[in-house]
Amino acid sequence: MTLGTTTPPVGGTLDGPPRLLLTLADLEAVVRDVGSAHLYVGTAPYLLRAGPWHAESGYPLPGVPAWPLRAEPWWQGGQRVWIARQLVRRAGHVEPSQSAWVVVGSAAGRGGDGEPLLADPRTLAEVAARVHREAAETYTGWREREFR
(Lines give C-alpha, C1' and ligand atoms only; values in the text may rest on other atoms or scores of the structure.)
Protein backbone atom coordinates (compact mmCIF):
# COMPACT_ATOMS: atom_id res chain seq x y z
CA MET A 1 0.00 0.00 0.00
CA THR A 2 1.34 3.41 -0.95
CA LEU A 3 0.36 6.36 1.21
CA GLY A 4 2.49 9.04 -0.41
CA THR A 5 1.37 11.79 -2.72
CA THR A 6 1.54 10.72 -6.35
CA THR A 7 0.31 13.94 -7.92
CA PRO A 8 0.94 17.51 -6.83
CA PRO A 9 -1.52 18.60 -4.14
CA VAL A 10 -3.85 21.49 -4.86
CA GLY A 11 -2.06 24.71 -3.94
CA GLY A 12 1.24 22.95 -3.33
CA THR A 13 3.90 20.93 -5.09
CA LEU A 14 5.61 17.61 -4.57
CA ASP A 15 8.69 19.55 -3.46
CA GLY A 16 6.97 21.47 -0.68
CA PRO A 17 4.05 21.46 1.70
CA PRO A 18 0.47 22.18 0.65
CA ARG A 19 -1.02 25.61 1.16
CA LEU A 20 -2.05 26.84 4.59
CA LEU A 21 -5.72 27.74 5.09
CA LEU A 22 -6.00 30.87 7.24
CA THR A 23 -9.78 31.27 7.66
CA LEU A 24 -12.87 29.14 7.97
CA ALA A 25 -14.03 30.73 4.69
CA ASP A 26 -10.84 29.41 3.01
CA LEU A 27 -11.65 25.92 4.27
CA GLU A 28 -15.26 26.23 3.09
CA ALA A 29 -14.02 27.20 -0.38
CA VAL A 30 -11.81 24.11 -0.61
CA VAL A 31 -14.69 21.85 0.44
CA ARG A 32 -17.00 23.56 -2.06
CA ASP A 33 -14.45 23.18 -4.87
CA VAL A 34 -13.43 19.59 -4.11
CA GLY A 35 -16.61 18.11 -2.67
CA SER A 36 -15.22 14.92 -1.15
CA ALA A 37 -12.67 16.59 1.13
CA HIS A 38 -11.96 15.03 4.51
CA LEU A 39 -10.28 16.15 7.72
CA TYR A 40 -7.21 14.23 8.84
CA VAL A 41 -5.47 14.97 12.16
CA GLY A 42 -1.88 13.90 12.67
CA THR A 43 1.49 14.03 10.98
CA ALA A 44 1.29 15.36 7.44
CA PRO A 45 -0.23 12.58 5.32
CA TYR A 46 2.19 13.40 2.51
CA LEU A 47 5.05 12.60 4.92
CA LEU A 48 3.79 9.15 5.96
CA ARG A 49 6.36 6.53 5.02
CA ALA A 50 5.06 3.45 6.82
CA GLY A 51 1.31 3.05 6.70
CA PRO A 52 -0.97 4.19 9.52
CA TRP A 53 -1.78 1.89 12.38
CA HIS A 54 -4.54 1.57 14.96
CA ALA A 55 -3.13 2.96 18.24
CA GLU A 56 -5.16 0.70 20.54
CA SER A 57 -4.50 -2.63 18.79
CA GLY A 58 -1.29 -1.94 16.90
CA TYR A 59 -2.87 -3.36 13.74
CA PRO A 60 -2.03 -1.78 10.38
CA LEU A 61 -4.80 0.23 8.75
CA PRO A 62 -5.63 0.22 5.02
CA GLY A 63 -5.75 4.02 5.02
CA VAL A 64 -5.60 7.17 7.13
CA PRO A 65 -8.55 7.96 9.42
CA ALA A 66 -10.44 11.00 8.13
CA TRP A 67 -13.79 12.67 8.68
CA PRO A 68 -15.99 14.08 5.90
CA LEU A 69 -16.10 17.85 5.57
CA ARG A 70 -19.14 17.84 3.25
CA ALA A 71 -22.31 18.12 5.34
CA GLU A 72 -24.62 15.11 5.35
CA PRO A 73 -28.04 15.61 3.69
CA TRP A 74 -29.87 15.36 7.04
CA TRP A 75 -27.75 18.16 8.57
CA GLN A 76 -29.76 21.40 8.66
CA GLY A 77 -27.12 23.57 10.35
CA GLY A 78 -25.40 24.55 7.09
CA GLN A 79 -22.05 23.71 5.55
CA ARG A 80 -20.06 26.22 7.63
CA VAL A 81 -21.32 24.84 10.95
CA TRP A 82 -20.70 21.24 9.80
CA ILE A 83 -17.08 22.07 8.98
CA ALA A 84 -16.69 23.95 12.27
CA ARG A 85 -18.16 21.01 14.16
CA GLN A 86 -15.78 18.55 12.50
CA LEU A 87 -12.80 20.72 13.40
CA VAL A 88 -13.92 21.18 17.01
CA ARG A 89 -14.83 17.54 17.61
CA ARG A 90 -12.02 15.90 15.65
CA ALA A 91 -9.11 18.33 15.94
CA GLY A 92 -9.84 20.01 19.25
CA HIS A 93 -6.82 18.49 20.98
CA VAL A 94 -4.12 18.48 18.33
CA GLU A 95 -0.71 17.63 19.77
CA PRO A 96 2.18 20.04 19.04
CA SER A 97 3.70 17.62 16.49
CA GLN A 98 0.38 17.26 14.67
CA SER A 99 -1.86 19.40 12.48
CA ALA A 100 -5.29 19.26 10.88
CA TRP A 101 -5.16 18.55 7.14
CA VAL A 102 -7.64 18.57 4.30
CA VAL A 103 -7.21 15.37 2.30
CA VAL A 104 -8.90 13.38 -0.44
CA GLY A 105 -8.53 9.69 -1.17
CA SER A 106 -10.28 6.42 -1.91
CA ALA A 107 -12.42 4.86 0.81
CA ALA A 108 -10.66 1.74 2.09
CA GLY A 109 -12.82 0.78 5.07
CA ARG A 110 -13.70 2.07 8.51
CA GLY A 111 -11.53 2.67 11.54
CA GLY A 112 -12.10 1.43 15.08
CA ASP A 113 -14.47 4.32 15.84
CA GLY A 114 -16.35 4.10 12.53
CA GLU A 115 -14.40 6.86 10.78
CA PRO A 116 -13.66 6.45 7.07
CA LEU A 117 -10.16 5.27 6.17
CA LEU A 118 -8.72 6.87 3.05
CA ALA A 119 -6.17 4.96 0.99
CA ASP A 120 -3.59 6.92 -0.98
CA PRO A 121 -4.50 10.23 0.66
CA ARG A 122 -3.64 13.36 -1.27
CA THR A 123 -3.01 16.40 0.91
CA LEU A 124 -4.80 19.53 -0.24
CA ALA A 125 -4.11 21.94 2.60
CA GLU A 126 -3.12 22.41 6.22
CA VAL A 127 -5.55 24.14 8.57
CA ALA A 128 -3.99 27.02 10.53
CA ALA A 129 -4.45 27.15 14.31
CA ARG A 130 -6.49 30.35 14.08
CA VAL A 131 -9.09 28.49 11.97
CA HIS A 132 -9.63 26.20 14.95
CA ARG A 133 -10.46 29.22 17.10
CA GLU A 134 -12.85 30.58 14.46
CA ALA A 135 -14.46 27.14 14.17
CA ALA A 136 -14.89 26.93 17.95
CA GLU A 137 -16.65 30.32 18.01
CA THR A 138 -18.91 29.31 15.10
CA TYR A 139 -19.81 25.94 16.59
CA THR A 140 -20.35 27.35 20.08
CA GLY A 141 -22.65 30.04 18.67
CA TRP A 142 -24.65 27.41 16.82
CA ARG A 143 -24.93 25.18 19.91
CA GLU A 144 -26.13 28.10 22.04
CA ARG A 145 -28.89 29.12 19.62
CA GLU A 146 -32.49 28.99 20.71
CA PHE A 147 -34.45 26.01 19.49
CA ARG A 148 -37.83 26.92 18.06
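Just so you know, these numbers come straight off a predicted model, no measurement behind them.
Nearest approach of L24 to A135, heavy atoms of both residues: CD2-CA, 4.3 Å. When all heavy atoms of P18 and T123 are compared, the closest pair comes out as CG-CG2, 3.2 Å. Closest heavy-atom contact between P121 and L118: CD-O, 3.7 Å. A37 and V104 get closest at one heavy-atom pair: CA-CG1, 4.0 Å. Of all the heavy atoms in E115 and A66, the pair that sits closest is CB-O, 4.1 Å. Across all non-hydrogen atoms, the minimal contact from A100 to L39 is CB-CD1, 3.8 Å.
For R110, the side chain to side chain contact (heavy atoms under 4.5 Å, CB included) test picks out P116, with sequence neighbours left out.
For the pairing with L69, the side-chain contact (heavy atoms from CB on, under 4.5 Å) check across R32, E28, Q86 returns one residue only, Q86.
Legend: side chain to side chain donor-acceptor pair (under 3.5 Å) pairs involving residues 55-65, not counting sequence neighbours, sorted by first then second residue: H54-S57. The side chain to side chain donor-acceptor pair (under 3.5 Å) pairs that include a residue from residues 60-74 number zero, where partners must be two or more places apart or lie in different chains.
Residues L87 and Y139 fail the side-chain proximity criterion, which asks for heavy atoms closer than 4.5 Å. No side-chain heavy atom of R80 sits under 4.5 Å from any side-chain heavy atom of W142.
Considering OG1 of T43 and CD of Q98, their distance stands at 6.0 Å, rounded to 0.5 Å. With rounding to the nearest 0.5 angstrom, the CG atom of L27 is 5.0 Å from the CD1 atom of I83. Atom CG of L124 is separated from atom CZ of R19 by 9.0 Å, given to the nearest 0.5 angstrom.
D26 contributes a side-chain N or O that, together with a main-chain N or O of T23, makes up a donor-acceptor pair within less than 3.5 Å. Between the side chain of Q79 and the backbone N or O of A71 there is at least one donor-acceptor pair closer than 3.5 Å. Remark: side-chain polar atoms of W101 are paired, donor with acceptor, to backbone N or O of G42 under 3.5 angstrom. Looking only at distances, a side-chain donor or acceptor of R130 sits under 3.5 Å from a matching main-chain atom of L22.
Hydrophobic clustering (ILVMFWY, side-chain heavy atoms < 4.5 Å, transitive): V103 and L20 are in distinct clusters.
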